[in-house]
Structures are given as structure tokens and as C-alpha cells.
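Report on the structure given below.
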Amino acid sequence: MAGISGYDSSSLGMLFSSVGNTEKNSNSSDLLGISYTDYASLKNGSYRKLVSAYYTKVENGSSSSATMDSKQTLTSIKEAASDVKDSASALLTKGKDNLFQMKTDEKGNSYVEYDTDAVYKAVKNFISDYNNLVDAAAESDTASILRTAASMVKYTSANEKALSEVGITVGSDNKLSIDEDKFKNASKARVQSLFQSTGGYAYQVNAKATSINSYASMEAKKAGNDTNESYKSSLKSTSTSKDTTKTLGAIEEAAEDAKKTLTALRTTGSKSLFNQVTKTDEEGNSVTGYDIDAIYKAVKSFAKDYNTLVDKTEDSDTKNIHQARKTMINYTLANKAALAAVGITIDSDDNLSIDEEKFKEADMSKVKSLFQNTNSFGAEIEEQISKIDTYAELEASKSNTYSDDGTYTYNYNSGDLYSSLI
């Protein structure tokens, strides 16, 4: 982690390490949002970056629109956090994709059973993603990201004994490692408790990774209006992009449109499209139910924008954009049956089409679950669309295709080292 000046590999671990050694005191808190027990760690220097981030924020004013981190750093953090969420979800998933099965013996006693190789692979992936997130978060200068990452490794430290019982070791650098033989011979009930139970280790790490992802996303939005020198400098770099400005502009526009129409479907609370409404029928009777016409219109708009994004990203030569596109399409195909059940089909070009009559006759609660549930079709597609949008924006900035007012200049040809800002 060379991004932290003055730290060697062992001292970098101190960025978070002393957090796990402080005693808990739930009644001692509220020093800039940090507990008084953690303040002892701040004073001994192990939270140096966190302190710096907090005091910089205080000096500049809490309402500052500037971000402490570069877009590249924030993108790395978001990707690492997203990977943790994905690998944790694979372990936490229940139903037909459940890695852990409950069985009953001849005496009627319940026990946990699973494919040892499959669970080991899933946990190993989770550990790799966790370690990457620790590294990525350590590059941040944003207080909220550092604080949440510190909380994550503190929670891991608190579970060190339980993890060691299934062959997982917490290193001095806060990284996890796994002993394959010990893990495969460990109590299956204990493994299931750690990695699938609600409130268990994987569940809590997933929650913290989700928070880190959200903080990084908020900072990335700030970066769009950031006027500090480091951000200006990044726009003036002379690195190149494999895609033309016109291609990137079209992809970013399509991604923004798709995010907007998908958000309309994923919104919950009082503004949710899936709230029950009361209408008067032709006979003057009051009828309560879903506003099917409004839901159909919203899904039709999303399908249109999704198709445009699929088409526009097909022209990209950027690896990250191509990969996010592929993941988005594959996840849509994985939900082919569920989509077809409500009148949405996928054609040979990976585009969506909707049968109005079949859709309006479908169970709207199924449509709702498709778009609003945790780990649903809508949630996964939203994540890939956001990635595509971010990658397109980063590629555009690499190729110096933004003018001072943030608009595309359309004067870039792939491979040229031209900067309209210099």
C-alpha cells in the first residue's frame, strides 16, 4: 500500500490495528463521532490518517463540497466493497442457492450439511475480497470510510477466536488467511453460524462493506463538483483511453438514463410505485390495489433505457466497461424465467421486451420483488449500471475529454495525448 507516505508494510497495519485492542465502552462516545475509548488510539498515532481527515474537515467546514480522495481511489474502494458484498451474499443466500443445508438424522435431530469444497471456495473468495477492501480503504483520506473500515477490522479482531476455530487466522496486518485442512475438518454448524446466520460474522462484514460503498459513492459525487488542485490535476493528465469521447459520452448518458428509470422502480416508502392505491371503477365502487398502468409505464421505460445501455456499451473497448456489461447481461439471463413470468422477455440481442397484456395480468407483488428486494434483479442491475457510469466517466477524464465546465469537448481521438485543459 504505497499510497500512504512514511508507512512500511508493518506499520500500515497500525492504521487499524489498535482499534481492536481498545476496551468497549458503549456509554463513552461523541468525539467527532468517535468513541472516547477509540480516542486513546488516536492519541498514540495509529489513527493518524483518520485524525488528519477529521481535522481537515473541521478546518474547512463540515459543509465543504470537496472530497479528500481522488476518483481513482474512490472507485477502487467502491469496487472492493462491492466485491465483499457479492462474496458475502453468496454465503448468506438461502433458498435454492443455499450453500448450507439443514438435514435431519434418523432420530429427528437437525444438523448442518454442505459441499465442503464449495463452501471452502466461497469463504476463500470472501477472505480475498475482505483483504482487498482493507487495502483499498487504507488508501482513503475520508474520515467516514476510514472509521467504518476501522470498525470492520475491529469486529474481525473481536471474532478472532471464533474464526481461528474454523481455520481462519487474523494477521498482524489485519488480513485474513485460511488453513484449508483445518477449515474442511471444522464443525459445519460453527462455519454456518459464522458465515450464514443473521447477525453472524459475514452478515456484519457485509453491512460494513455496504456502508463503505455508500460513503465512497457519496464522496465520488462530491468529486464531480470538486475544485481542489489535485482533482484539476487529474483532469490534466495525458493518459489515454481506448474509447473515443463520443463513445464514452453516449455510454455515460445511457447509464444515467437507466439509473434514473430503475430508481423509480426501486424507490420505497411513501413514493414507491408499488404502494396500494384506491381508485373508483366504472361502476363507482372504490377499489384498492396496485396502480398497474403506472408500474407498466415505469418498467417499459426502464426496459427501453436498459436496451440503449446494452447497445451503447457494445461499442466499448474498455475492459472494465465490457466486464460490467457482461455481468449485467448474465444476471439478466439468470433471471430469464422470473422475468418471463411477468411478461418480460430477452431477445437474441440481449434486449428486453415487454408484453403489455401479460404484464398487466401478472402478480404485481412478483414484479415488486424483482425490482425492490435485497439481492434482487433490480439491485444487481443497479450496481452494474453504476459501475458502467463510473468507468465511462473515469475513461473520459483519462483522455482529457472534459472542458472546464465539465462538458465533453468531443475533440479526442483514441490514442492521442491531447489535453484541451493545458
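- Note that OG of Ser217 and CD1 of Ile212 are 11.5 Å apart. Values are rounded to the nearest 0.5 Å.
- Residues Gln372 and Phe274 have side chains in contact (heavy-atom distance under 4.5 Å, counting atoms from C-beta outward).
- The local environment of NZ in Lys360 is crowded, with over 12 non-hydrogen atoms from other residues, nucleotides or ligands closer than 6.0 Å.
- Other residues, nucleotides and ligands contribute more than 12 heavy atoms inside 6.0 Å of the NZ atom of Lys184.
- Without hydrogens or angle criteria, Ser140 side chain to Ala136 main chain gives no donor-acceptor distance under 3.5 Å.
- Summarising the geometry, atom CG belonging to Asp350 is positioned 8.5 Å from atom OG1 belonging to Thr332; distances are rounded to the nearest 0.5 Å.
- The pair Asp305-Lys259 fails the salt-bridge criterion, with no side-chain N (NZ, NE, NH1 or NH2) lying under 4.0 Å from an Asp/Glu carboxylate O.
- Relative ring orientation between Tyr114 and Phe100 is described as perpendicular, the plane-to-plane angle rising above 60° on a 0-90° scale split at 30° and 60°.
- Considering all non-hydrogen atoms of both residues, Asn375 and Ser89 come closest at OD1-OG, 3.4 Å.
- Contact record, Tyr130 with Asn174: CE2-O, 3.7 Å, taken as the closest heavy-atom pair.
- Not one N or O on the side chain of Asn206 forms a donor-acceptor pair closer than 3.5 Å with the backbone of Ala202.
- With a 4.5 Å cut-off on side-chain heavy atoms, Leu74 and Thr390 do not count as touching.
- Side-chain contact between Tyr306 and Ile329 is present, with at least one heavy-atom pair separated by less than 4.5 Å.
- Remark: the backbone N or O of Asp243 is not paired with any side-chain donor or acceptor of Asp317 at under 3.5 angstrom.
- Counting non-hydrogen atoms of neighbouring residues, nucleotides and ligands closer than 6.0 angstrom, the CD atom of Glu253 reaches no more than 12 such neighbours.
- Considering CG of Leu262 and CZ of Phe371, their distance stands at 7.0 Å, rounded to 0.5 Å.
- Put simply, the side chain of Asp97 never gets that close to the backbone of Ala90: no donor and acceptor are under 3.5 Å apart.
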side-chain hydrogen bond (donor to acceptor under 3.5 Å, both in side chains) between Thr247 and Asp315: does it pass, once the steps are laid out? CA-CA 7 Å; Thr247 296; Asp315 298 328; 5.8 Å; no
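- Not a single donor-acceptor pair under 3.5 Å links the side chain of Ser151 to the backbone N or O of Arg147.
- By the 4.5 Å heavy-atom criterion applied to side chains, Val342 and Leu370 are counted as neighbours.
- Within 6.0 Å of atom CD in Gln72, 12 or fewer heavy atoms from other residues, nucleotides or ligands are found, so the atom counts as exposed in its surroundings.
- Side-chain N or O atoms of Asn159 include none that pairs as donor or acceptor with a backbone N or O of Leu163 at under 3.5 Å.
- A heavy-atom distance below 4.5 Å is not found between the side chains of Gln196 and Leu99.
- Of the inter-residue distances, the one linking Lys387 atom NZ with Gln323 atom CD reads 8.5 Å to the nearest 0.5 angstrom.
- Applying the ring-ring contact (aromatic ring centres under 6.0 Å, His included) rule to Tyr391 yields no partners; only residues at least two apart in sequence or on another chain are considered.
- Side-chain contact between Arg266 and Ser376: present, with at least one pair of heavy atoms (C-beta onward) separated by less than 4.5 Å.
- Asn131 places a side-chain N or O within 3.5 Å of a backbone atom of Leu176 that can act as its donor or acceptor partner.
- For the pair Lys208/Val84, no side-chain contact is recorded, criterion being any heavy-atom separation below 4.5 Å from C-beta on.
- Side-chain contact of Asp363 with Ser365: a donor-acceptor pair under 3.5 Å is present, judged by distance alone.
- When only modelled atom types and interatomic distance are considered, Asn125 and Ser87 share no side-chain donor-acceptor pair under 3.5 Å.
- The distance from atom OG1 of Thr263 to atom NZ of Lys271, rounded to the nearest 0.5 Å, is 12.5 Å.
- For Tyr203, the OH atom counts as loosely surrounded, since its 6.0 Å shell holds 12 or fewer non-hydrogen atoms of other residues, nucleotides or ligands.
- Dense packing is recorded around NZ of Lys188, with more than 12 heavy atoms of other residues, nucleotides or ligands lying under 6.0 Å away.
- A donor-acceptor pair under 3.5 Å is formed between the side chain of Lys182 and the backbone N or O of Ser164.
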Decide side-chain hydrogen bond (donor to acceptor under 3.5 Å, both in side chains) for Thr313 and Ser316; before the verdict, give the C-alpha distance in whole Å, the side-chain angles of both, and the deciding distance to 0.1 Å. CA-CA 5 Å; Thr313 49; Ser316 177; over 6 Å; no
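- Neither side chain, Tyr201 nor Ser193, offers a donor N or O lying under 3.5 Å from an acceptor on the other.
- No donor-acceptor pair closer than 3.5 Å links the side chain of Asp141 to the backbone N or O of Asp69.
- Tyr215 places none of its side-chain heavy atoms less than 4.5 Å from the side chain of Ile77.
- The number of heavy-atom neighbours closer than 6.0 Å to NZ of Lys78, taken from other residues, nucleotides and ligands shown, is above 12.
- Annotation for Gln276: atom CD counts as buried by contact number, over 12 foreign heavy atoms lying within 6.0 Å.
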